[in-house]
Every structure is written in C-alpha cells, then in structure tokens.
Amino acid sequence: MPTSTRPSRRLSTTLLVLGVVLSFSSAVCFLLLDLPGAGTALFTGVVVVAAVGFVAERADERRRAAWFAARHGSVAAVAAGLDVDAVRRCRDQQGEVSAVVAVRRQQPDLTLLQAVELVRSL
C-alpha cells in the first residue's frame with residue numbers, strides 16, 4: 001500500500017553531506033600533512049562519492065516515480081482533477097511560474113518538472 005506522503009531524498013542528501021565531509025578532510029590531510037599519495041586518495045574519494053551519490057539519486061528518483069504511479073497512476077490522471085480553466089487563466093494573466101505554483105497548490109504530489117510540463121501542455 002502506498003504511503004500517504006511523498007518519499008524524501010534522505011539517502012542522496014546523506015551521501016552528499018558525507019561526500020563533502022570526506023572531501024574536506026582529505027583536502028586538509030593533503031594540504032596540512034603533506035602525506036604521500038594524499039592527492040590520489042583525495043581524487044579517488046571524490047570520484048567514489050560522486051559515483052555512489054549518482055546511483056543513490058537515480059534510486060531515489062525510481063522510488064519516487066513508483067510511489068507516484070502507485071498513488072495517482074499517471075500525470076494525465078492528476079491533470080483530470082485540476083481546475084484547468086483557472087490554471088490557463090493564471091498562466092495567461094500572470095505567467096507560467098504563477099500557473100506552475102497554482103498547479104502545485106492543487107496537486108502537491110507533482111514534482112516541479114511534472115507541473116511545468118503540465119502547464120506547458122495546456
């Protein structure tokens with residue numbers, strides 16, 4: 001059964017913080033301690049953290065997409081529940097950004113990208 005709230009990006013955020021701490025500590029070791037091979041260790045650490053962060057971000061995106069599909073089905077199904085005339089009026093009178101904000105107020109489960117694509121398709 002799908003959860004009632006949208007999944008967070010907890011894993012990728014944790015890895016980002018870990019990567020920054022690892023990079024900072026490696027740079028300190030490289031600059032202050034002048035250890036042999038510290039430059040290689042710094043480079044390797046940054047590459048590994050970047051790769052793991054990339055994989056974690058993609059896993060988060062897949063998990064969030066699966067949650068959205070289980071909860072709503074598709075973006076078209078969500079669009080059917082919107083007040084399309086009000087969104088069009090908002091877009092024509094106040095601009096695309098205001099229309100995207102109006103869509104996300106009506107359907108907070110939509111991502112920013114989904115809301116932008118939906119407004120542009122109207």
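Only this structure's heavy atoms are used, side chains among them; waters, hydrogens and symmetry mates stay out. Position 1 is the first residue of the sequence; numbering continues from there. Remember, predicted model here, so these are calculated numbers, not experimental data.
The heavy-atom pair separating V100 from A115 by the smallest distance is CG1-CB, 3.9 Å. The minimum heavy-atom distance between A79 and V84, with the atom names listed, is O-CG2, 4.0 Å. The two residues C90 and A99 come nearest to each other via the heavy atoms SG-N, 3.7 Å.
Under the 4.5 Å side-chain heavy-atom criterion for Ile, Leu, Val, Met, Phe, Trp and Tyr, L112 and L82 are members of the same hydrophobic cluster.
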**Message:** Checking V116 against V103 for the side-chain contact (heavy atoms from CB on, under 4.5 Å) test, could you report, in this order, the C-alpha distance in whole Å, the side-chain angles of both residues, the deciding distance, and whether it holds?
**Reply:** CA-CA 9 Å; V116 168; V103 166; over 6 Å; no
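The CD atom of E117 sits 7.5 Å away from atom OG1 of T111, with the distance rounded to the nearest 0.5 Å. Taken from CD in Q106 to CG in L118, the straight-line distance is 9.5 Å, to the nearest 0.5 Å. Atoms CZ and CG, on R89 and D83 in that order, are 6.5 Å from each other to the nearest 0.5 Å.
Under a 3.5 Å cut-off, the side chain of R91 and the backbone N or O of L122 do form a donor-acceptor pair.
With salt bridges taken as basic N to acidic carboxylate O contacts below 4.0 Å, one links R58 and E61.
Contact annotation: the side chain of V101 never approaches that of R104 to less than 4.5 Å [non-hydrogen atoms, C-beta and beyond].
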